[in-house]
Amino acid sequence: MWPALKHSDVQEVSLFLSITFYVWHLAVGAISIESPQKSLTRSVQDHVFFSVDVTCLGIPTIQWNFMSGVVSRGIGIWQPGVFTNVTVDYRDRVHTYSNGSMGLADLRLQDAGYYVVTVTDASGSSKDAGFVLKVNEILYEDLQYLSVSIVVLGVLAGLLLLCMWLTEKAYRHLKARRRKEQMPENDETELQHL
Ligand SMILES: *[C@@H]1O[C@H](CO)[C@@H](O)[C@H](O)[C@H]1NC(C)=O
Ligand SMILES: *[C@@H]1O[C@H](CO)[C@@H](O)[C@H](O)[C@H]1NC(C)=O
């Protein structure tokens, strides 16, 4: 019934299929990482949201890494709806999203650096995108420190003034008492002289 396929025909068909799949993969299955903002500046204690929208063939594997000078560490890896594995150091501060985005709360100065997201698709190919985060010290913390210092200095100055006033009062009191004690003697000597 079926026409017998020659070995070379099978090879041709499989070659054709692979090329078709390859072209289709290029057109449809290419990994894309869209991100509206790649450079962000925040203050200490703020939180940052690295917004990306990942699309690829099958379920993507999303991995975030941090790099700064000599430091390089993994933040977390997840597959939306399958598993989420955030590094212990980041567990309290990181929020993961199914579109690949990552939120990092309670920023510290050491969080400043380079953040890289790597997306791996079902076929094993991957693509990455980098973000730069700058973290500024907060000004109001300095101001708070300054105002606390001023209050402390004010209180100390007040105490010092109070001490001086009390000392002076005590001194005057003592002087007056001594004068009173010396008065009769003086009277006596004065009387003797007379
Ligand atoms: C990713 O998802 C989050 C939460 O649903 C959303 O706020 C954010 O805008 C999305 N990012 C992009 C680039 O679409
Ligand atoms: C999470 O990742 C760490 C290494 O990054 C690994 O040692 C650990 O086994 C992983 N945990 C789970 C539940 O996959």
Side-chain angles (χ1 to χ4, degrees), residues 12-151:
E12 266 170 43
V13 167
S14 69
L15 184 68
F16 173 76
L17 283 179
S18 350
I19 289 172
T20 312
F21 179 76
Y22 181 70
V23 170
W24 174 76
H25 189 130
L26 276 187
V28 180
I31 301 168
S32 101
I33 306 174
E34 272 178 47
S35 49
Q37 213 180 351
K38 295 226 168 191
S39 177
L40 303 109
T41 304
R42 294 289 181 275
S43 293
V44 170
Q45 286 171 13
D46 268 2
H47 103 277
V48 67
F49 180 60
F50 295 105
S51 183
V52 295
D53 195 18
V54 164
T55 49
C56 72
L57 197 64
I59 300 174
T61 304
I62 296 143
Q63 180 161 22
W64 280 89
N65 286 297
F66 170 72
M67 272 168 253
S68 138
V70 287
V71 187
S72 168
R73 56 174 168 257
I75 296 173
I77 181 165
W78 68 93
Q79 262 190 337
V82 183
F83 75 93
T84 303
N85 188 358
V86 175
T87 313
V88 180
D89 298 348
Y90 283 98
R91 213 154 277 176
D92 306 333
R93 303 199 291 142
V94 160
H95 199 288
T96 61
Y97 295 83
S98 54
N99 62 0
S101 299
M102 178 188 67
L104 180 59
D106 190 19
L107 288 175
R108 296 139 197 198
L109 284 177
Q110 310 92 278
D111 289 326
Y114 198 58
Y115 290 79
V116 181
V117 59
T118 305
V119 179
T120 310
D121 71 6
S123 76
S125 46
S126 66
K127 186 174 179 176
D128 47 35
F131 296 79
V132 177
L133 175 69
K134 271 201 216 168
V135 180
N136 293 328
E137 279 181 272
I138 18 176
L139 201 64
Y140 82 76
E141 208 174 48
D142 299 343
L143 287 178
Q144 225 171 20
Y145 179 73
L146 197 72
S147 57
V148 166
S149 308
I150 286 171
V151 167

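We count ligands from 1, going down the list as the structure has it; atoms in each ligand are counted the same way. The figures here come from the full heavy-atom set of this structure, side chains too, leaving out hydrogens, waters and symmetry mates.
Of all protein heavy atoms, the one closest to atom 5 (O) of ligand 1 is Tyr97 CD2, 4.5 Å.
When side chains are defined from C-beta on, Ile62 counts as touching Pro80, because their heavy atoms get closer than 4.5 Å. Using a 4.5 Å cut-off on side-chain heavy atoms (C-beta onward), Phe131 and Val52 make contact.
Each of the following atoms of ligand 1 lies closer than 4.0 Å to a heavy atom of Ser101: 1 (C), 11 (N). Taking a cut-off of under 4.0 Å to the non-hydrogen atoms of Ser51, the atoms of ligand 1 that pass are 8 (C), 9 (O), 10 (C), 11 (N), 12 (C), 13 (C).
In summary, the aromatic rings of Phe49 and His47 are positioned with their centroids too far apart to meet the 6.0 Å limit.
Arg93 pairs with exactly one of Asp106, Asp111, Asp46 by the salt bridge (Lys or Arg N to Asp or Glu O under 4.0 Å) rule, that one being Asp111.
Nearest-heavy-atom check against atom 14 (O) of ligand 1 across Ile33, Val54, Asp53 picks out Asp53.
Ring pair Trp64/Phe50 is tilted by interplanar angle, where 30° to 60° counts as tilted.
At a 3.5 angstrom cut-off on N or O pairs, Asn99 counts as close to ligand 1.
Protein heavy atoms are found inside the 4.0 Å sphere centred on atom 2 (O) of ligand 1.
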